[in-house]
Amino acid sequence: MEKVCVLGAGSWGTALAMVLAENGHDTLVWTHRANQAEEINHLHTNKKYLPETVLPANLHATSDIAMAATHAETIVVAVPTKAIREVCEKLTAKLARKVLFVHVSKGIEPDSLKRISEILAESLPAENVEEIVVLSGPSHAEEVVLHHPTTVTAACANIDAAEKVQDLFMNQFFRVYTNDDVIGVEIGGALKNVIALAAGITDGLNYGDNAKAALITRGLAEITRLGVKMGGNPFTFSGLTGMGDLIVTCTSVHSRNWRAGNMLGQGMKLQEVLDQMGMVVEGVRTTKAAYQLAEKYGVAMPISTELYSVLFNDVEPKVAVDALMMRMKKREIDDMKH
Ligand SMILES: NC(=O)C1=CN([C@@H]2O[C@H](COP(=O)(O)OP(=O)(O)OC[C@H]3O[C@@H](n4cnc5c(N)ncnc54)[C@H](O)[C@@H]3O)[C@@H](O)[C@H]2O)C=CC1
Ligand SMILES: O=C(CO)COP(=O)(O)O
């Protein structure tokens with residue numbers, strides 16, 4: 001039995017804490033909201049994020065970051081990308097030992113263009129970090145808490161650390177693979193949210209399944225082009241954290257990014273959509289990062305670029321789709337190289 005702390009009691013942090021507690025680990029979930037910690041401890045629910053779920057009685061919560069820092073041999077970071085630096089800062093002052101860090105957030109920081117493992121490495125004291133492992137793949141919290149079969153990947157250059165995380169989480173309904181390609185796994189996990197927003201938009205425009213299949217396939221092509229240029233293994237992008245996650249996020253009703261895109265496609269403005277969601281839609285900030293990364297690495301990312309113009313330059317979704325369809329003629333396979 002390991003002592004594990006999960007930082008963030010949104011839908012994903014709570015679902016993963018539930019997996020860990022059910023696996024018999026001494027699991028504590030930290031939330032910055034005291035009333036949410038009380039709800040988890042006394043009612044064994046987290047109604048705002050997982051309204052139908054009863055949490056295991058051995059899952060405990062705290063809003064005291066010092067308690068979270070001292071409890072854990074392993075810390076799972078499950079807050080949205082934009083909160084990671086702030087949470088690390090709070091945690092840093094309280095860390096007293098070396099900890100194995102696992103992150104499950106899917107984003108890239110705009111402007112700095114840092115991946116999450118890079119943000120963690122620069123925000124946490126090196127003497128307190130045993131390793132940083134990313135856990136990613138096609139996995140909606142809503143299905144994990146129902147014990148529906150789910151597969152994910154734990155990635156770290158140090159494969160022993162990835163295997164340790166595999167052992168922590170793996171059970172009959174939650175299957176964990178390992179990979180040593182952190183760049184490929186993080187890029188796939190972050191950028192699929194961009195394509196899911198676009199898929200939601202075409203569904204909101206009632207463009208049907210041909211359009212969605214095209215977005216998934218050409219989306220994977222541009223994610224792979226960028227990811228390989230950044231140093232990722234090309235095979236990672238056809239795995240669980242690439243194609244797998246792209247499929248689930250573009251097709252599932254649980255997807256926050258698809259739902260947000262769907263509202264945009266139906267004519268709502270971005271701010272209205274975000275106000276209505278009440279949960280993190282990582283793809284919005286990641287679209288900005290993708291646009292910047294495409295420029296930085298000189299890689300063609302037409303879907304991300306058109307989505308950027310919809311989200312940040314007020315271009316009508318239909319106009320953006322027309323622009324994608326009317327691009328210069330291309331060869332399908334040659335195009336993958338540029
Ligand atoms: N929901 C899901 O099924 C999955 C989510 N993810 C990723 O996990 C990450 C978290 O997502 P969700 O749990 O869905 O988000 P959420 O919106 O359900 O919850 C986010 C949680 O972070 C907390 N938070 C926000 N700002 C904070 C701050 N400054 N300090 C401390 N806590 C803060 C919120 O109070 C909330 O408890 C995202 O990067 C997402 O892409 C990954 C796989 C599945
Ligand atoms: O990453 C996810 C599923 O693997 C969650 O995606 P959404 O944030 O779009 O809900």
Side-chain angles (χ1 to χ4, degrees), residues 6-19 29-37 39-40 46-51 53 61-65 68 76-91 102-109 115-117 119-120 134-146 148 150-153 169 174 185-186 188-200 240-263 273-274 277-287 289:
V6 178
L7 303 179
S11 51
W12 196 218
T14 306
L16 288 175
M18 188 169 161
V19 171
V29 60
W30 171 82
T31 158
H32 62 158
R33 298 206 178 95
N35 58 346
Q36 199 186 17
E39 183 193 340
I40 294 171
N46 186 357
K47 291 270 187 221
K48 175 167 191 254
Y49 294 101
L50 294 166
T53 306
T62 183
S63 56
D64 177 0
I65 195 95
V76 179
V77 181
V79 292
T81 305
K82 75 168 188 308
I84 286 186
R85 285 188 192 273
E86 183 190 326
V87 170
C88 284
E89 202 176 309
K90 284 187 186 152
L91 188 68
V102 183
H103 86 75
V104 299
S105 311
K106 292 175 179 169
I108 297 168
E109 196 170 54
R115 292 175 284 107
I116 311 270
S117 61
I119 301 172
L120 292 175
V134 48
L135 187 72
S136 187
S139 49
H140 280 118
E142 293 79 357
E143 295 183 2
V144 169
V145 296
L146 293 174
H148 288 179
T150 298
T151 53
V152 296
T153 296
F169 282 93
F174 198 77
V185 167
E186 290 188 318
L191 290 180
K192 61 87 184 170
N193 287 332
V194 175
I195 306 303
L197 277 167
L240 290 172
T241 60
M243 188 197 296
D245 211 356
L246 189 58
I247 291 172
V248 88
T249 321
C250 290
T251 59
S252 170
V253 290
H254 298 305
S255 168
R256 284 138 273 262
N257 288 283
W258 177 87
R259 284 193 341 243
N262 196 38
M263 289 187 242
V273 170
L274 296 180
M277 288 296 300
M279 285 189 232
V280 67
V281 182
E282 287 276 24
V284 174
R285 287 176 92 238
T286 310
T287 300

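Read the numbers this way: they start at 1 and go in the same order the structure lists the ligands and their atoms.
Among all heavy-atom pairs drawn from Val185 and Ser136, the shortest one is CG1-CB, 3.7 Å. When all heavy atoms of Cys88 and Leu120 are compared, the pair lying nearest together is SG-CD2, 3.5 Å.
Side-chain contact between Val77 and Val87 is absent, with no heavy atoms from C-beta onward closer than 4.5 Å.
With Glu109 as the partner, the salt bridge (Lys or Arg N to Asp or Glu O under 4.0 Å) test is satisfied by one option alone out of Arg85, Lys82, Arg115: Arg85.
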Considering only N or O atoms, set out every pair between ligand 2 and the protein closer than 3.5 Å, with distances to one decimal place.
residue	atom	partner	partner atom	Å
ligand 2	1 (O)	Lys106	NZ	2.8
ligand 2	1 (O)	Lys192	NZ	2.7
ligand 2	4 (O)	Lys106	NZ	2.9
ligand 2	4 (O)	Gly137	O	3.0
ligand 2	4 (O)	Ser139	N	3.0
ligand 2	4 (O)	Asp245	OD1	2.6
ligand 2	6 (O)	His140	NE2	3.4
ligand 2	6 (O)	Lys192	NZ	3.1
ligand 2	8 (O)	Asn257	ND2	3.0
ligand 2	9 (O)	Ser255	OG	2.7
ligand 2	9 (O)	Arg256	N	3.3
ligand 2	9 (O)	Asn257	N	3.1
ligand 2	9 (O)	Asn257	ND2	2.8
ligand 2	10 (O)	His140	NE2	3.4
ligand 2	10 (O)	Arg256	N	2.8
ligand 2	10 (O)	Arg256	NE	2.7
ligand 2	10 (O)	Arg256	NH2	3.3

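The distance from atom CG of Leu191 to atom CD of Glu186, rounded to the nearest 0.5 Å, is 11.0 Å. Summarising the geometry, atom OG belonging to Ser63 is positioned 9.0 Å from atom CG belonging to Asn35; distances are rounded to the nearest 0.5 Å.
Counted by atom type alone, Thr14 and Asn46 present one or more donor-acceptor pairs between their side chains at under 3.5 Å.
Within 4.0 Å of ligand 1, protein heavy atoms belong to Ala9, Gly10, Ser11, Trp12, Trp30, His32, Arg33, Tyr49, Ala78, Val79, Pro80, Ala83, Glu86, Val87, Val104, Ser105, Lys106, Ser139, His140, Ala141, Arg256, Met279, Val280, Glu282, listed by chain and number.
Residues that satisfy the side chain to side chain donor-acceptor pair (under 3.5 Å) test with Thr241, not counting sequence neighbours, are absent from this structure.
Sorted pairs that involve residues 278-287 and meet salt bridge (Lys or Arg N to Asp or Glu O under 4.0 Å), not counting sequence neighbours, are lacking altogether.
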